[in-house]
Amino acid sequence: MTDLATVVRTLDDLLEAERFSDYCPNGLQIEGRQHIERLVTGVTACEALIDAAIERDADAILVHHGYFWRGESPTLTGMKRRRIAKLLQSEISLLAYHLPLDAHPRLGNNAQLASRLGLIATGSMNEDGVGSVGRMDPSLTGEELYKRIADSLGREPLHVPGPGGPAGRIETVAWCTGAAQGMIDQAADLGVDAYITGEASEPTVHVARERGVHFFAAGHHATERFGVQAVGEHLADAFGITHEFVDIDNPV
């Protein structure tokens, strides 16, 4: 067991939360009981995850997608009211880290995805470290990388083949988990053979084809399951608390 304030300070320092200009507040979003013995982690603080945490008598939930996003209504009504009411009634703290969790060089979403796909990072796509560039060793064909992604993430990705079609070889790669399809031009500017992210938009297909880049949309949820798990395990090891990742299925 450890106190809530210590966990928040540890996460803020570990993930360098103050370094990021983000779309939501990073850190403690909903304050519950002042100690943590049981921690539940998940991708998104949806009602199903909150219900799972309540069933497990959790003291805190740590997620990648929390609340209070820029531009959303500030009123506590409907879905938002139900979620927050359950957290407050159960005295469960909600901690959320968005871009800081993407960017951590060892525990972050991009680093954890790379370890599962055999990607070797050699640099960053951005100054803030959100998005990575690197290589595959050995190289794979587009078809082989498609299969590796499907086997590693448990879902088939969307693949827009680049030069050589599905049999075209891929050695250099850029990747950014989640909804980073808009970074495909940036990836193409880096001269990589392939770009991997979570989602795709209609223009993404045309950009990939016309700029000669293999494009893989491997799932927003699917690519962002691993960072929060790694951070949860880090906290469990550091403080001797119980940690469980709860995967609320999401096909997107």
Side-chain angles (χ1 to χ4, degrees), residues 20 43 64-65 98-230 250-252:
F20 295 85
V43 177
H64 182 48
H65 301 136
H98 185 231
L99 293 182
L101 188 57
D102 287 323
H104 192 276
R106 181 172 57 87
L107 302 176
N109 285 322
N110 289 309
Q112 290 293 311
L113 181 65
S115 69
R116 285 160 174 79
L117 299 183
L119 308 176
I120 301 170
T122 56
S124 173
M125 294 183 70
N126 299 294
E127 290 183 0
D128 59 10
V130 179
S132 300
V133 61
R135 58 186 174 84
M136 308 204 68
D137 187 15
S139 64
L140 298 177
T141 66
E143 187 174 34
E144 289 170 337
L145 181 52
Y146 175 97
K147 186 177 186 303
R148 179 175 292 184
I149 292 172
D151 290 345
S152 298
L153 302 188
R155 55 164 287 163
E156 294 186 355
L158 167 69
H159 177 208
V160 180
R169 298 209 70 81
I170 296 172
E171 182 174 348
T172 56
V173 186
W175 64 97
C176 188
T177 63
Q181 62 268 42
M183 293 170 62
I184 187 171
D185 263 315
Q186 189 175 344
D189 289 342
L190 294 170
V192 296
D193 301 319
Y195 178 57
I196 304 170
T197 187
E199 295 188 27
S201 299
E202 194 274 344
T204 316
V205 175
H206 302 295
V207 175
R209 288 171 176 167
E210 293 177 34
R211 299 211 59 185
V213 178
H214 287 266
F215 173 74
F216 296 88
H220 192 145
H221 177 86
T223 58
E224 296 196 324
R225 288 176 295 175
F226 307 115
V228 73
Q229 292 183 61
N250 189 329
V252 175

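Small disclaimer: the values here were computed from a predicted structure and weren't measured.
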Exercise for the section: With side chain to side chain contact (heavy atoms under 4.5 Å, CB included) as the test, would you mind laying out the steps for Tyr195 and Arg211 before giving the verdict? Expected result: CA-CA 11 Å; Tyr195 178 57; Arg211 299 211 59 185; over 6 Å; no
Handout entry: Test item: side-chain donor near acceptor, Asn109 and Asp102, under 3.5 Å
Key = yes
Exercise for the section: Return yes when atom CD of Glu143 has more than 12 non-hydrogen atoms of other residues, nucleotides or ligands closer than 6.0 Å, and no otherwise. Expected result: no
Practice task
List the atom of Pro157, the atom of Ala218, and the distance in Å for their closest heavy-atom pair.
Solution key: CB-CA, 3.9 Å
Exercise for the section: With the side chain counted from C-beta on, respond yes when Arg148 and Met136 share a heavy-atom pair under 4.5 Å apart, and no when they do not. Expected result: yes
Exercise for the section: Find out whether Asn250 and His220 are in side-chain contact, i.e. whether some heavy atom of one side chain is under 4.5 Å from a heavy atom of the other. Expected result: no
Handout entry: Under 3.5 Å donor-acceptor, Ser124 side chain and Val133 backbone
Key = no
Problem - Phe216 and His159 aromatic ring geometry - parallel, tilted or perpendicular at 30°/60° bounds - result: parallel
Exercise for the section: Applying ring pair (Phe, Tyr, Trp, His ring centres under 6.0 Å), name anything that partners Phe226, two or more places apart in sequence or on another chain. Expected result: none
Handout entry: Arg106 versus Ala111, closest heavy-atom pair with distance
Key = O-CB, 3.7 Å
Exercise for the section: Measure the spacing between OG1 of Thr122 and CZ of Arg135 and express it to the nearest 0.5 Å. Expected result: 7.5 Å
Exercise for the section: State the CD-CD1 distance between Glu156 and Ile149, to the nearest 0.5 angstrom. Expected result: 11.5 Å
Completion exercise
On a heavy-atom basis, the closest approach of Asn110 and Gly131 is ND2-N, 3.4 Å
Exercise for the section: Enter the distance from Thr172:OG1 to Leu190:CG here, rounded to the nearest 0.5 Å. Expected result: 9.0 Å
Handout entry: Interatomic spacing from CD1 in Ile184 to CG in Asp189 - rounded to 0.5 Å
Key = 11.0 Å
Fill in the blank from the handout: Output for pair (Ser139 OG, Leu145 CG), nearest 0.5 Å, gives 11.0 Å
